[in-house]
> 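Quick one: structure below, then a few questions.
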Amino acid sequence: MSLGNYITSLGDNPYFGAGFGLFGIGAGAAVLRKGLQYAVIYFRRQYMITLEVPCRDKSYQWLLQWITYKGARKTQHLSVETSFEQHQTGHIKTKYDFIPSVGSHYFRYNGTWIKVDRTREQHTLDLHMGIPWETVTLTSLGKNKQLFFNILEEARQMALTKTEGKTVMYTAMGADWKQFGHPKKKRPLSSVVLDCDLSERILSDVKDFLGSASWYGERGIPYRRGYLLYGPPGCGKSSFITALAGELNFGICVLNLSERGLTDDRLNHLLSVAPQNTIILLEDIDSAFVSREESKQVAAAYEGLNRVTFSGLLNCLDGVASTEARILFMTTNYLERLDPALIRPGRVDLKEFIGFCSEHQIQQMFAKFYKTGDPETGEIDDYPQKFVKEVICRGKPVSPAQLQGYFMRYKTAHPSCVIEKVDEIWD
Ligand code: ADP
């Protein structure tokens with residue numbers, strides 16, 4: 001049989017015909033499916049826009065909050081983030097923040113439908129935070145990127161209003177900074193009583209620095225300024241820095257140099273990625289390093305445990321460069337224990353002593369706690385002066401923290417009684 005006849009006879013075979021038909025349908029379906037896939041991809045590319053925000057991004061939490069409160073308000077699938085807020089009275093309030101749960105949600109924003117996909121990778125961890133890797137993807141029809149800018153900006157503004165009038169504290173977590181606790185109510189600068197014009201002097205120095213970006217730029221000097229506050233404990237170093245940050249609308253990034261696991265590289269990285277508009281605070285810098293000699297011994301003792309080295313710190317301080325103003329505060333109770341290399345100009349540009357109370361401070365502290373004089377008659381009394389005299393004649397130094405503790409013990413007492421029991425300050 002010739003080949004032509006063989007094919008003709010196969011075509012007449014009903015089994016073969018059915019198989020061929022089925023094959024044809026299958027192939028057609030596959031082509032159609034592929035075509036549809038391409039069409040969907042083409043449609044997505046040409047007529048849809050998506051925005052992916054990974055959990056490492058600063059906007060991530062803001063966006064989730066915004067979606068819950070402004071966007072997908074009607075979504076019934078939420079997850080909760082519980083936190084505790086401690087008021088100044090010591091009262092602890094539990095706060096529940098709802099955020100959209102993992103999955104898809106829909107909402108309309110300025111007349112456009114937006115799909116939200118919150119996904120969580122079960123097998124990938126965010127190594128810095130130690131939490132599962134998450135992303136939020138917003139998808140919408142059209143090509144208008146401005147829509148997403150507007151949403152992100154609204155989310156940022158919403159987050160900012162939450163911290164208005166408050167000071168945000170950050171702590172180092174892995175290679176990044178994480179907000180520490182809830183933002184605290186700003187401490188007024190006037191509530192920290194320093195000697196004479198010390199407070200104004202430091203404030204005006206910082207303000208002057210913040211207004212000199214172009215001066216630094218033109219001269220090629222790194223735009224940073226280091227401050228060192230030293231003096232006995234309880235005299236207001238930390239309180240002043242907190243109040244200063246409040247006055248400037250800055251946050252505070254607190255770093256403990258003696259923390260284990262803080263290596264030179266990590267410190268360097270942290271200093272370079274500190275959030276904008278924050279003061280970096282290295283507290284009790286003397287406890288991390290004594291002097292170069294001793295630090296060698298310390299390094300030897302801690303060999304194997306990751307610690308920041310003295311030379312590493314110096315390099316980090318020299319390397320802190322950013323286009324944003326970088327303000328670095330260090331505090332110590334013992335100036336004499338610091339290596340001169342650490343506090344040379346460029347690393348520390350302004351050193352200020354915050355010491356025990358002067359007469360002026362004692363009087364101010366007293367006046368802050370007790371109303372003196374008669375508001376009705378306008379008559380003034382001399383309780384503050386008497387109190388100062390009593391304290392000074394004891395010949396013992398007194399810190400504002402000691403005075404505060406003493407006044408709190410007698411907060412409802414008559415000023416004359418407070419003067420009488422003055423010896424209890426040193427109990
Ligand atoms: P330091 O950092 O110098 O050890 P802190 O700022 O931690 O001192 O002060 C401890 C406590 O004493 C705080 O509660 C603070 O309110 C109070 N205090 C210390 N110094 C002052 C000051 N100069 N004016 C008002 N309060 C002060």
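For ligands, and for the atoms within them, numbers begin at 1 and follow the listed sequence. None of these values were measured; they are calculated from a predicted model.
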> Between F240 and ligand 1, does any nitrogen or oxygen pair lie at a separation below 3.5 Å?
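No, there is no polar N/O contact under 3.5 Å.
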> Under 6.0 Å from the CZ atom of R219, do we count more than 12 heavy atoms belonging to anything else shown?
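Yes - once you tally the heavy atoms of other residues, nucleotides and ligands closer than 6.0 Å, there are more than 12.
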> Is ligand 1 less than 4.0 angstrom away from at least one heavy atom of Q402?
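No, Q402 has no heavy atoms under 4.0 Å from ligand 1.
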> What protein heavy atom is closest to atom 4 (O) of ligand 1, reported as residue, atom name and distance in Å?
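Checked against all protein heavy atoms, atom 4 (O) of ligand 1 sits closest to G234 N, 2.8 Å.
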> My understanding is that we take every heavy atom of each candidate and find the minimum distance to atom 16 (O) of ligand 1. Doing that for K368, Q364, Q404, which one comes out nearest?
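Residue with the shortest heavy-atom distance to the ligand atom: Q404.
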> Evaluate M365 for polar contact with ligand 1, using N/O atom pairs at a separation under 3.5 Å.
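In this structure, M365 places no N or O atom under 3.5 Å from an N or O of ligand 1.
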> Consider side-chain contact (heavy atoms from CB on, under 4.5 Å). Of D57, T119, T135, T139, which one does E52 pass it with?
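Considering D57, T119, T135, T139, a side-chain contact (heavy atoms from CB on, under 4.5 Å) with E52 is found only for T135.
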> Ligand 1 and G236, any nitrogen or oxygen pair closer than 3.5 angstrom?
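Among all N and O atoms of G236, at least one is under 3.5 Å from an N or O of ligand 1.
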> Do you see a donor-acceptor pair shorter than 3.5 Å between the side chains of T137 and D117?
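The answer is no; no qualifying pair exists.
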> Please, which pairs that meet salt bridge (Lys or Arg N to Asp or Glu O under 4.0 Å) have at least one residue in residues 231-248, sequence neighbours excluded?
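Every pair satisfying salt bridge (Lys or Arg N to Asp or Glu O under 4.0 Å) with a residue in residues 231-248: there are none.
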> Is the closest N or O pair between K237 and ligand 1 shorter than 3.5 Å?
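Such a contact does occur with ligand 1.
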> When only distance counts, is P400 in polar contact with ligand 1, meaning an N/O pair under 3.5 Å?
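Between P400 and ligand 1 (N or O atoms, distance only) the closest approach is not under 3.5 Å.
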> Suppose we measure from atom 26 (N) of ligand 1 to each protein heavy atom; which comes out shortest, and what is that distance?
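Its nearest protein heavy-atom neighbour is R187 NH2, 3.6 Å.
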> For atom 13 (C) of ligand 1, what is the closest protein heavy atom, and at what distance to 0.1 Å?
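Nearest neighbour among protein heavy atoms for atom 13 (C) of ligand 1, to 0.1 Å: S239 OG, 3.8 Å.
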> Which of the atoms of ligand 1 are close to V192, meaning less than 4.0 Å from one of its heavy atoms?
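Answer, ordered by atom number: 22 (C), 23 (N), 24 (N), 25 (C).
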> Is it true that D205 and R225 have a side-chain N and a carboxylate O under 4.0 angstrom from each other?
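Answer for the salt bridge query: yes.
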> Crowded around K389 NZ? As in, over 12 foreign heavy atoms under 6.0 Å?
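Open: at most 12 neighbouring heavy atoms sit under 6.0 Å from NZ of K389.
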> Please confirm whether S191 approaches ligand 1 to less than 4.0 Å, judged on its heavy atoms.
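Yes; S191 lies near enough to ligand 1 that a heavy-atom distance drops under 4.0 Å.
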> I'd like to check which ligand 1 atoms, numbered from 1 as shown, lie under 4.0 Å from a non-hydrogen atom of P233.
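Atoms satisfying the 4.0 Å criterion: 4 (O).
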> What's the shortest distance from atom 24 (N) of ligand 1 to any protein heavy atom, and which residue and atom give it?
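I find the closest protein heavy atom is V193 N, 2.8 Å.
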> State which residue, out of L403, I392, V391, V388, fulfils the side-chain contact (heavy atoms from CB on, under 4.5 Å) condition with C357.
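Going through L403, I392, V391, V388 one by one, the side-chain contact (heavy atoms from CB on, under 4.5 Å) with C357 is satisfied by L403 alone.
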> Check E352 with R201, please: is the shortest side-chain N to carboxylate O separation under 4.0 Å?
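Salt bridge: yes.
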> Report yes or no: is the cationic atom of R337 (NZ for Lys, CZ for Arg) closer than 6.0 Å to the six-membered ring centre of Y334, at no more than 45° off its axis?
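Geometry flag: set, cation within 6.0 Å and 45°.
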> Can you sort out which atoms of ligand 1 are near L194, meaning under 4.0 Å from one of its heavy atoms?
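The atoms of ligand 1 under 4.0 Å from a heavy atom of L194 are 23 (N).
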> Report the residues that fulfil ring-ring contact (aromatic ring centres under 6.0 Å, His included) with Y60, sequence neighbours left out, ordered by chain and then residue number.
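Applying ring-ring contact (aromatic ring centres under 6.0 Å, His included) to Y60 gives none.
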> What protein heavy atom lies closest to atom 11 (C) of ligand 1? Include the residue and the distance to one decimal.
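I find the closest protein heavy atom is A401 CB, 4.0 Å.
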> Do K386 and E390 sit within salt-bridge range, that is, some charged N less than 4.0 Å from a carboxylate O?
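Salt bridge: no.
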> Consider every N or O of S238 and every N or O of ligand 1, then say whether any pair is closer than 3.5 Å.
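Yes, since at least one N or O of S238 sits under 3.5 Å from an N or O of ligand 1.
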